[in-house]
Asks: 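My questions all concern the structure below.
Below, chain A is the first sequence line, B the second, and so on; all start at residue 1. Keep in mind that what you see is a predicted model, and the values were worked out from it rather than measured.
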Number of protein chains: 2
Amino acid sequence: MTFSEENYLKAIYHLTSHSNSGVSTNAIAEMMETKASSVTDMLKKLSDKDFVNYKKYQGVSLTESGKLEAKMIVRKHRLWEVFLVEKLDFSWDEVHEIAEQLEHIKSEKLINKLDDFLGNPTEDPHGDPIPDAKGRIIAIEKQLLSELVPHQSGVCVGVKDTSSAFLKYLDKQEIALGSTIDFISKETFDLSLKIKVDGKELTISNKIASNLFVKLL
Amino acid sequence: MTFSEENYLKAIYHLTSHSNSGVSTNAIAEMMETKASSVTDMLKKLSDKDFVNYKKYQGVSLTESGKLEAKMIVRKHRLWEVFLVEKLDFSWDEVHEIAEQLEHIKSEKLINKLDDFLGNPTEDPHGDPIPDAKGRIIAIEKQLLSELVPHQSGVCVGVKDTSSAFLKYLDKQEIALGSTIDFISKETFDLSLKIKVDGKELTISNKIASNLFVKLL
DNA sequence: TTTAATTTTTAGCTTTGTCTAAAAATAAAT
DNA sequence: ATTTATTTTTAGACAAAGCTAAAAATTAAA
């Protein structure tokens, strides 16, 4: 399995995980920052290897085998992110790029030993679940902060947007995984939210709120 | 810099490190398990990028810039090997292949943080020196066990052959880095050596002795 | 010092993954 | 229900890195 094939599988996995139907050639091209024609070529190859169900013009979905492969790549990516943050003291906005490289290292023994070394974590530094060695995922119950109604409270358990810009914003506002968030009120004009983060009052835009996952208290 | 370019630089580095003259196309081809024609192609590319001094039919050597690149790859390889053995509990015969992949991960920050995390080791699990961030190498004084004369003693500080077969043999004989080795006598017929390893008497072939580095006591 | 053997390079082909441009299929709109 | 727009696929080209086979240069041998 080449790096490129792995990246396609991962992209298809992420595009289909939240909407269990097929995904379009264009959607993959956009996510991979490549051209639709390149995607078509790769889909043929992945289809030959039975990693995807592909019929011309009909979109594509992962086979069981493709899904497992994709999960193993995600597993590696997220475990390496934990390593970088927990052991090497990287901040959560720096780890994605490096993990993009590390996720392609091939050694099952390595990844399972790394998993043990890290204490078998179930979430990565952004709150995303880490598949186990068999591809099982324990999904935590969580919702977007923007979906709450005033006077509800929760603990910050994840971010939807993992861009460096967003994560650095959160650092500046001292919002981190584990922070307690009390939803005080919503401004009807711009949908901005008044919240308390670990007791400290703060106003955030709706865009911020719709990228923060919380677990209700 | 591609993986392939990095692998060529590394090969040329290893081939020239112990004999500071140029190296032949064929020697590189043999080390890389590829064809001479492929080597020629790559040498042109590396020469264009000023990593090697190359003139047709005249052999090749590394430029300063090429040597530094090569050392950084060796640095990464050996630091990852330390990580695998010290932190993930791999044995010294398992780490080479995985480090061959990890050495190509691109992030200076990563490798320097890893270096610190490991306590800035100066040797890898096989006793080979680890270049520092600037490419400096502290060479330990060592010689092959086969070069000693009877009644000399030393501490095992490295192996020349790092093949899995050899390392597993050493494990079986309980010879490890740090073992004290007393050279008792040499058999004139087959040049085999009678030695004591941490006090325990043992006979080893000359082939074994000429792949073990010791530091004289 | 020619001839023979070896080494190295060139020329041309293959595969992988990408691209552009054009054709075909599907979806949307009048 | 056509026409128009969009999406997707095909066809053909390109760069990277490898290969084989043949040519050129170097080295060794007679």
Asks: Among the nucleotides dT16(C), dC19(D), dT8(D), which one has an atom lying closest to any side-chain atom of T40(A)?
Replies: dT8(D)
Asks: Taking all non-hydrogen atoms of both residues into account, name the closest pair between D115(B) and P121(B) and its distance.
Replies: OD1-CD, 3.6 Å
Asks: Under 4.0 Å: is that the gap between some side-chain N or O of K44(A) and OP1 or OP2 of dT10(D)?
Replies: yes
Asks: For residues 24-34 of chain B, please give each side-chain donor-acceptor pair under 3.5 Å, one per line with the distance, not counting sequence neighbours.
Replies:
from	atom 1	to	atom 2	distance (Å)
S24(B)	OG	A27(B)	N	3.0

Asks: Checking contacts here: which listed nucleotide (dC19(D), dT8(D), dT8(C)) is nearest the side-chain heavy atoms of T25(A)?
Replies: dT8(D)
Asks: Applying side chain to side chain donor-acceptor pair (under 3.5 Å), can you list everything that pairs with N112(A), at least two apart in sequence or on another chain?
Replies: R75(A)
Asks: Calculate the interatomic distance between K55(A) atom NZ and dA25(C) atom P; express it in whole Å.
Replies: 17 Å
Asks: How many whole angstroms separate atom CE of M42(B) from atom C1' of dT9(C)?
Replies: 16 Å
Asks: Checking side chain to side chain contact (heavy atoms under 4.5 Å, CB included) against E123(B), which of L177(B), I140(B), D128(B), I138(B) comes through?
Replies: I140(B)
Asks: Is there a donor-acceptor pair closer than 3.5 Å between any side-chain N or O of K215(A) and the backbone N or O of V157(A)?
Replies: no
Asks: Tell me the interatomic distance from E5(B), atom CD, to dA15(D), atom P, rounded to whole angstroms.
Replies: 16 Å
Asks: Any side-chain N or O of N26(B) under 4.0 Å from OP1/OP2 of dT6(C)?
Replies: no
Asks: Give the rounded distance in Å between these two atoms: CD of Q58(B) and P of dT8(C).
Replies: 10 Å
Asks: Looking at the side chain of S37(B), which of dA11(C), dC19(C), dT26(D) is the nearest nucleotide?
Replies: dA11(C)
Asks: Can you figure out which of dA25(D), dT8(D), dG18(D) approaches the side chain of Y57(B) most closely?
Replies: dA25(D)
Asks: Can you find a side chain N or O atom of K35(A) that sits less than 4.0 Å from OP1 or OP2 on dT18(C)?
Replies: no
Asks: Measure from CD on E30(B) to P on dT7(C) and round the result to the nearest Å.
Replies: 10 Å
Asks: For dT10(C) and K56(B) - does any side-chain N or O of the residue sit under 4.0 Å from the phosphate oxygens OP1/OP2?
Replies: yes
Asks: If you only use heavy atoms from C-beta on, which nucleotide in dT9(D), dT9(C), dT18(C) is closest to the side chain of Y54(B)?
Replies: dT9(C)
Asks: Just how far, in rounded Å, is C1' of dT16(C) from CE of M1(A)?
Replies: 15 Å
Asks: Would you say a side-chain N or O of S4(B) is under 4.0 Å from OP1 or OP2 of dG18(D)?
Replies: yes
Asks: Base, sugar-phosphate, or nothing for Y8(A), non-hydrogen atoms under 4.0 angstrom?
Replies: sugar-phosphate
Asks: Whole angstrom is fine here: how far is it from CD1 in I28(A) over to C1' in dT18(C)?
Replies: 16 Å
Asks: Once you round it to whole Å, what is the distance between P of dT14(C) and CG of D41(B)?
Replies: 16 Å
